[in-house]
Novice: 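Right, I'll just put the structure down here and ask away after.
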2 protein chains.
Amino acid sequence: MGSCCVKFCGVICWQSSKSDSSGVSNSGESSKESSRCSTPVLDADRTDRLRDKMKRRIESGDHWFSLEFFPPRTASGAVNLISRFDRMGSGGPLFIDVTWHPAGDPGSDKETSSMMIASTAVNYCGLESVLHLTCCNQTKEKITAHLNKAKRLGLKNIMALRGDPIGEDWVEEDGGFNYATDLVKHIRCEFDDYFDICVAGYPTGHPEAESYDNDLRHLKEKVDAGAHFIVTQLFFRAETFLRFVKNCRAIGITCPILPGIFPIQGYHSLRQLVKLSKLEVPEEIMQVIEPIKDNDAAIRSYGIQQAVEMCKVLLASGEVPGLHFYTLNREVATIEVLRQLGLWAEDPRRPLPWAVSAHPKRKVEDVRPIFWASRPKSYIYRTQDWDDFPNGRWGNSSSPAFGELTDYYLFYLKSKSPKEALLQMWGEELMNEGSVYEVFTNYITGQTNPSGHKVMCLPWNDDPLAPETNLLKDELEKVNRRGILTINSQPNINGKPSSDPIVGWGPAGGYVFQKAYLEFFTSSENVTALLQVLKKYEPRVNYHIVNVQGKNITNAHEMQPNAVTWGIFPGREIIQPTVVDPVSFMYWKDEAFALWIEQWAKLYEDESPSRMIIQYIHDNYFLVNLVDNDFPLDSCLWQVIEDMFALLDSPRETQEEGSQS
Amino acid sequence: MGSCCVKFCGVICWQSSKSDSSGVSNSGESSKESSRCSTPVLDADRTDRLRDKMKRRIESGDHWFSLEFFPPRTASGAVNLISRFDRMGSGGPLFIDVTWHPAGDPGSDKETSSMMIASTAVNYCGLESVLHLTCCNQTKEKITAHLNKAKRLGLKNIMALRGDPIGEDWVEEDGGFNYATDLVKHIRCEFDDYFDICVAGYPTGHPEAESYDNDLRHLKEKVDAGAHFIVTQLFFRAETFLRFVKNCRAIGITCPILPGIFPIQGYHSLRQLVKLSKLEVPEEIMQVIEPIKDNDAAIRSYGIQQAVEMCKVLLASGEVPGLHFYTLNREVATIEVLRQLGLWAEDPRRPLPWAVSAHPKRKVEDVRPIFWASRPKSYIYRTQDWDDFPNGRWGNSSSPAFGELTDYYLFYLKSKSPKEALLQMWGEELMNEGSVYEVFTNYITGQTNPSGHKVMCLPWNDDPLAPETNLLKDELEKVNRRGILTINSQPNINGKPSSDPIVGWGPAGGYVFQKAYLEFFTSSENVTALLQVLKKYEPRVNYHIVNVQGKNITNAHEMQPNAVTWGIFPGREIIQPTVVDPVSFMYWKDEAFALWIEQWAKLYEDESPSRMIIQYIHDNYFLVNLVDNDFPLDSCLWQVIEDMFALLDSPRETQEEGSQS
């Protein structure tokens, strides 16, 4: 009984049945690899290797871009960089890469290390990521340890570099890592085909190379050793790159060669970069820049224009399948260049309604509980030790254990706002529960609070209201004002096209559906009335009502999940990416209640009235979720709340009558 | 990769996570057993044991009925009995039972044996079934072998009887099976809790018992030995049964006691039964019957009325949870009694759109390929050796091997019509392919053919057109007339209530959906034009086109199934019970083409023109299936066919233009 879909997943079965049925002819060659398990294969991008993605894009003539970042110096820099990943990830890069600085402990577990930043990009931001790795002055054991760690963390791509020698008098070591080629060979030797490998190309020759031709030969060696593609050093003229590609092809380098694009963003950063990379800035560029060197805006604007022009020539040449951007961890210039080139995905297609992790273990995952909708990183973190992920169906038995909350204040789960800003938003001093209702209401409406600040986030929502939730804004405002403290909701959707800009997801030509969902904290008095009212809505409305002690009241099957988001697509099985699951709700409950204390109450002094108000709510309120199963009709959940208030407002006798009915 | 849902199925996981999460409180006690795997638990009736079903029905005050049959004497009798199971099963019996006659080789593999009839009822008709078993003059080994075989076949319930001794001078054997009690003990000892056990009760005392009281004590022993419920011998007065129940309760028999109801159906059958059972027919009944003993209709009518009156008294007593009918393998009287009592399910709720097998191994099964929609018994037969059944998702890898066609002419797959009737329907002599088109057209329209016979079935459809297919009748007629020989189809459905009398299925309060589907044989000329036309319908229409050699043309993913029927229900995950699956289509193709020869061509002499026409179609036609993915819009499949004919009718040049576009 424990393996109900095993037989239907195995490639072995497919092969054996293939040989049984002599008549089967396989039409199409695509993604055999990706069909091994019963994943919906929503998007081959989720399962293909980077090299295969490139191959497909080259074949279809679909230009891509990629983004290079360096690791931040501070923890708050890391938090900022990760939100940048989320924002820039939405533009649709084929991959991002994270540089490696041997002096900065790049392989450590520190939140600012190259390793952890790249891991976060893969696991939490769902970005295909390339980790740089330098080998100069490193032992084989150290390198292998880094690679093993990268593999364990779900990283699948390495940019193999020599790196700069330490000290003046570097000499080749026998049997050591003297060149990137040695690293490429080592990776292929120790890890076979596991990693996709990128190497660096120098359009004007490596500064230390004996000659341009000699350098080209080195590049050929790196590729022959097993690299899959090349990213070049930056350059300033399209013809520099195009000549380089021509020369590469002439000596038999056939893999993709991606030009490194550096939009000039300021006079000083340009000078510094040029110095480091020992490049010469062409005269025609210096002539423009020198006169405006103190006008940052003018230089940025020129940099964007110059990069756009050059990229247009590159793309038009037919030699360039994709562009690689040196972002310097900045957003504006790169995004603007990509926008002007038409490469920035203005309306990124979502394969699923939530952000898909790029960890290879999670590639089949296509069902999650709705509770973590606003805290996907917390969900990913707490389920990182799962060996299998729900695929097709959550199942009416439970999920395996969720990770503990104790490790929970990792940097990527931290609020992006400092304590002072939180106090400004949520109140320096709370007077009563009503003050809390006001915070929730202001978050919904976007209005400023009495002290003149907008409430941009809540402990359960790190970002402003989602566009989808905005559809419910008026109703949400009304109920929050009266102490229905909503933390998650979705409208009902009865078959909108999968291309819908607000609620759409999944492949083209499909239809998406939702059941209306509402989740909130509210007082036990309200819950008593609500339970009366809910009797009238059986079996249309399913509910779970729980307090911090775990007292759980529900009319749902004890283990049966309720699918609340699903999609129907051409030529596929049904996808149902979000469910209300009774078992995981109890794990979410712990997290949701803890956020009152950890993120809000602790802003105030021990024993302070403000802190005691939040503590009171934590101790006495209930967490409620409601699902309206009748998705083709207007949601009745607002009427449920209305009825609850009506019952509370009615004279005492009526309430007692109600309880006898 | 091969076990993507294992973690989510195991009760072990659920238990371990339960102990991890101290806050989880289990609301409700129901069906823990049935929640072990990620089955949709569409219907607790599918997973509960018979005793639990009875318990639930007793608690809810929901009266049931059950039906007793005896094994047929001939193979054609077996075919008829099985269609009777299908028809009477639709009325909603809680169970059926099959009697055991030691002289008739009841445990053998013969198609007429008690064992095989009960197995067919469970596996192919989806009926909860009780197999009778007598123990008198049997060895322990023999009995155990019977029970093992029953278990292997998926039977879960045994009616434990002593049976009639062979010969005149029966004496008790030491350690042998002398009484039904011995058999009950043996079953419990050897099979623990596996079987639900029924025993017989005698409202007027067993004819061989020393006394009524003594007989009651024997019954108490049988129950104490482990029987779960009692079915009584027939009787003619409600008070006979009610007194018996009262006496049973008085001595501590607490299990359900079901009255055996025998609607009098004729003078002679009554006399015979009375003689065999050593019962006395009450004077008031004989007084009515004797004067009309030669008027069968009058006696039947009286028998129905008498049974209805008695059953009403029984049900009104509050002592009777369900009625057990001795049907004598006849339908009319029993159904009429049940109709008048309001127990016959006029609109049986279908848990899934296809008939669910009652085999315990198949209880999680909730996805099937659409191809066998009209031949569900063939599908069940060909998948009987599967260890796991698809649950929630078919999966985009293949299904395990389907059973061979060689064993295929088992009695339950035989056509119910004899050869002569088939020739009358399908033509004593075929003139050309057009004659075949006419047969298909007449099947659709229900009109008589030139020789005055209605075409009630086709090799691919053993029954007249389904009500759902009737919705498409006009379009089907039009295309069949022109050589689109349809064998399976369904209309698109965009969210009809699950209670819809024609297309509804599943629990109350849900909505069902379908993609339009059309499957047909057609000539290779038509296929050439069709393929031209289908280019215009990408990606809206998915198709698979295959000939008998297995040449396969498709625009679908090679292994990805397309869900074509699904339902959304309160508090559940999505159910998608039918899919178009590319892999199993190749198995179905073999079966579908074979039916031309085995069921149709072989009606004619070797080398006869009629036979050669069918053989030509078999060798040259293609089997085509089409899915319109855009289920919210009117089906475009008829337009596809229209366009195909338009292209065929157009001048040659237009066709060639078409092929260049």
Side-chain angles (χ1 to χ4, degrees), chain A residues 1-11 13-14 17 20-21 23-28 35-38 41 364 387-388 390-398 400-401 495 509 511 539 542 550 552 554 556-563 566 570-574 576 579 586-587 589 629 632, chain B residues 1-11 13-14 17 20-21 23-28 35-38 41 364 387-388 390-398 400-401 495 509 511 539 542 550 552 554 556-563 566 570-574 576 579 583 586-587 629 632:
Chain A
M1 286 312 305
S3 60
C4 50
C5 80
V6 170
K7 190 154 225 170
F8 293 85
C9 291
V11 68
C13 297
W14 158 241
S17 76
D20 288 342
S21 156
V24 175
S25 84
N26 296 325
S27 56
S35 299
R36 283 201 180 165
C37 197
S38 61
V41 200
V364 300
D387 290 329
D388 296 295
N391 167 239
R393 174 170 282 176
W394 181 267
N396 65 351
S397 55
S398 101
Y511 293 90
N542 278 119
N552 186 18
T554 179
H557 185 282
E558 61 177 302
M559 293 205 283
Q560 179 98 53
N562 190 345
W566 64 99
R572 292 174 189 278
E573 296 195 75
I574 315 297
Q576 46 167 28
V579 295
M586 299 309 286
Y587 290 95
K589 177 267 296 180
N629 287 300
Chain B
M1 288 309 303
S3 60
C4 51
C5 79
V6 170
K7 189 154 227 168
F8 294 84
C9 291
V11 69
C13 297
W14 158 241
S17 76
D20 287 344
S21 155
V24 176
S25 84
N26 295 323
S27 55
S35 298
R36 282 200 180 166
C37 197
S38 61
V41 200
V364 300
D387 289 328
D388 296 295
N391 169 237
R393 175 170 280 172
W394 181 266
N396 65 350
S397 54
S398 99
Y511 293 91
N542 278 119
N552 185 20
T554 179
H557 186 282
E558 62 177 299
M559 292 204 283
Q560 179 99 52
N562 191 346
W566 64 99
R572 294 173 187 276
E573 297 195 76
I574 316 297
Q576 46 168 29
V579 297
V583 178
M586 299 309 286
Y587 291 94
N629 288 299

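Per chain, numbering begins at 1; letters A, B, ... match sequence-line order.
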Novice: Looking only at heavy atoms, which two atoms of A:Asn391 and B:Arg393 are closest? And how far apart?
Specialist: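 Heavy-atom minimum between the residues: ND2-NH1, 3.4 Å.
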Novice: Between atom CD of B:Gln576 and atom CZ of A:Arg572, what is the distance when rounded to the nearest 0.5 Å?
Specialist: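 One finds 12.5 Å between CD of B:Gln576 and CZ of A:Arg572.
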Novice: Using non-hydrogen atoms and a 4.5 Å limit, figure out which bit of A:Pro539 sits close to chain B: side chain, backbone, both or neither.
Specialist: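 Just the backbone, heavy atoms under 4.5 Å.
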Novice: On a heavy-atom basis, which atom in A:Gly571 and which in B:Gln560 lie closest, and how many Å separate them?
Specialist: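 So the two residues come closest at O-CG, 3.2 Å.
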Novice: Would you name the heavy atoms of B:Pro570 and A:Asn542 that are closest together and state the gap between them?
Specialist: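 Heavy atoms of B:Pro570 and A:Asn542 come nearest at C-OD1, 4.0 Å.
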